[in-house]
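Here is the structure we will look at, set down as structure tokens.
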Amino acid sequence: MTAAPPNAARYTEPILGWYDEHARDLPWRAPGATPWAILVSEIMLQQTPVARVLPVWQQWMERWPTPAALAAEPSGEAVRAWGRLGYPRRALRLHACAVAITEQHGGQVPSSYDVLRALPGIGAYTAAAVASFAYRQRHAVLDTNVRRVLARLLTGVEYPPKSQTAAEVALAESLLPHDPPTAARWAVAVMELGALVCTARTPRCVDCPVLSSCAWHRAGRPAYDGPPRRGQTYAGTDRQCRGRLLAVLRHADGPVDKPALDVVWSDPVQRERALDGLIADGLVDPLDDGRYALPS
DNA sequence: TAGCCGTGGTT
DNA sequence: TAACCAAGGCT
């Protein structure tokens, strides 16, 4: 654990002030938002932009306002209502979360980081986010936005390392305000700064409240110097094939025949591999009569 | 731990 | 236009 820099307030105070003025008015940040509403938003927001999450989150909250309400329905309904958010295994895990919360935690979303972390689909980031945003606890909430802001502001590089390092966690913890409610507000504030100003591609440095303290800016905004950060084209991949197959089931009222799946992907080898993968993941249920359905 | 897991908007 | 990117988690 790194000691808090004596001038941590140099970074925290301008960003807290900026957040007060520029925070987006998102429904899961409303005063009345329940821990469940916040948990659902966090799962949906994993690798998915806010604009696409908003309408689906609204529908989920109307239909399943509590963990018990979701737990009472088949997991396939969660997959169907997930729509085109992507990574549908998240829907399955969120349903499993609802079941675990209902059966093992009295229907209340846990407030403990360790208990949250043990739930399906909840990793280090989401556990910290829920504990912080829903319960106002003091945690280092280290997502892609925060990692990028800290990399630029304090390390002086354009992008953080590909995988999270212990040094990043120590740095994030060293900046946490001591008071838990303030730490919680700081967590959401840095994240928002990364989402709106200190963006990945074309940062809006003119609008940055800590520009004068930014190591990357001071260094002349040197370009990222390292291995390619991404890869993986989408067209023709198993992922695209899985998406097509699952879309058929989402749009069907009930079980579908095999031919209904076959028509959406021409390569039979890849199609069977993808279908087997969906079944192995629990996203598709092969029925005894040879048809296929969303899981019950 | 690196690779896998969807989808669509932006540059 | 293809590549990049988006509040990650799991194995």
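Just so we're on the same page: letters track the sequence lines, and every chain starts at 1.
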For the side chain of Glu192(A), starting at C-beta, report the closest nucleotide among dA7(C), dA3(C), dG8(C).
dA7(C)

With sequence neighbours left out, what residues match Thr126(A) under side-chain hydrogen bond (donor to acceptor under 3.5 Å, both in side chains)?
Gln46(A)

In residues 22-46 of chain A, what residues come within less than 4.0 Å of DNA chain C, judged by heavy atoms?
Arg24(A), Leu26(A), Trp28(A), Arg29(A), Glu42(A), Leu45(A), Gln46(A)

Any pair with a residue in residues 16-31 of chain A that passes salt bridge (Lys or Arg N to Asp or Glu O under 4.0 Å), sequence neighbours left out, goes on the list, sorted by first then second residue, please.
Asp20(A)-Arg185(A), Arg24(A)-Glu192(A), Arg29(A)-Glu192(A)

Mind listing the residues from residues 140-157 of chain A sitting with a heavy atom below 4.0 Å of DNA chain C? Number order is fine.
Asp143(A), Thr144(A), Asn145(A), Arg148(A)

State which residues pass salt bridge (charged side-chain N to carboxylate O under 4.0 Å, His left out) with Arg242(A); sequence neighbours excluded, sorted by chain then number.
Asp281(A)

Side chain of Arg117(A), heavy atoms from C-beta onward: which of dC5(C), dA7(C), dC10(C) has the nearest atom to it?
dC10(C)

Test salt bridge (charged side-chain N to carboxylate O under 4.0 Å, His left out) applied to Arg291(A) - qualifying residues, sequence neighbours left out
Asp289(A)

If a pair satisfies ring pair (Phe, Tyr, Trp, His ring centres under 6.0 Å) and one of its residues is in residues 91-135 of chain A, list it, with sequence neighbours excluded.
Tyr113(A)-His139(A)

Would you indicate which nucleotide in dC10(C), dA7(C), dG8(B) comes nearest to any side-chain atom of Arg84(A)?
dG8(B)

Arg273(A): side-chain hydrogen bond (donor to acceptor under 3.5 Å, both in side chains) partners, not counting sequence neighbours
Asp238(A)

Qualifying salt bridge (Lys or Arg N to Asp or Glu O under 4.0 Å) pairs with a residue from residues 98-108 of chain A, counting only residues at least two apart or across chains:
none

Mind listing the residues from residues 122-132 of chain A sitting with a heavy atom below 4.0 Å of DNA chain C? Number order is fine.
Ile122(A), Gly123(A), Ala124(A), Tyr125(A), Thr126(A)

Which pairs pass salt bridge (Lys or Arg N to Asp or Glu O under 4.0 Å) with one or both residues in residues 141-150 of chain A, sequence neighbours excluded?
Arg147(A)-Glu168(A)

Would you say the side chains of Gln270(A) and Trp265(A) form a donor-acceptor pair under 3.5 Å?
yes

Tabulated below should be each protein N or O lying under 3.5 Å from an N or O of nucleotides 9-11 of chain B; please produce it.
none

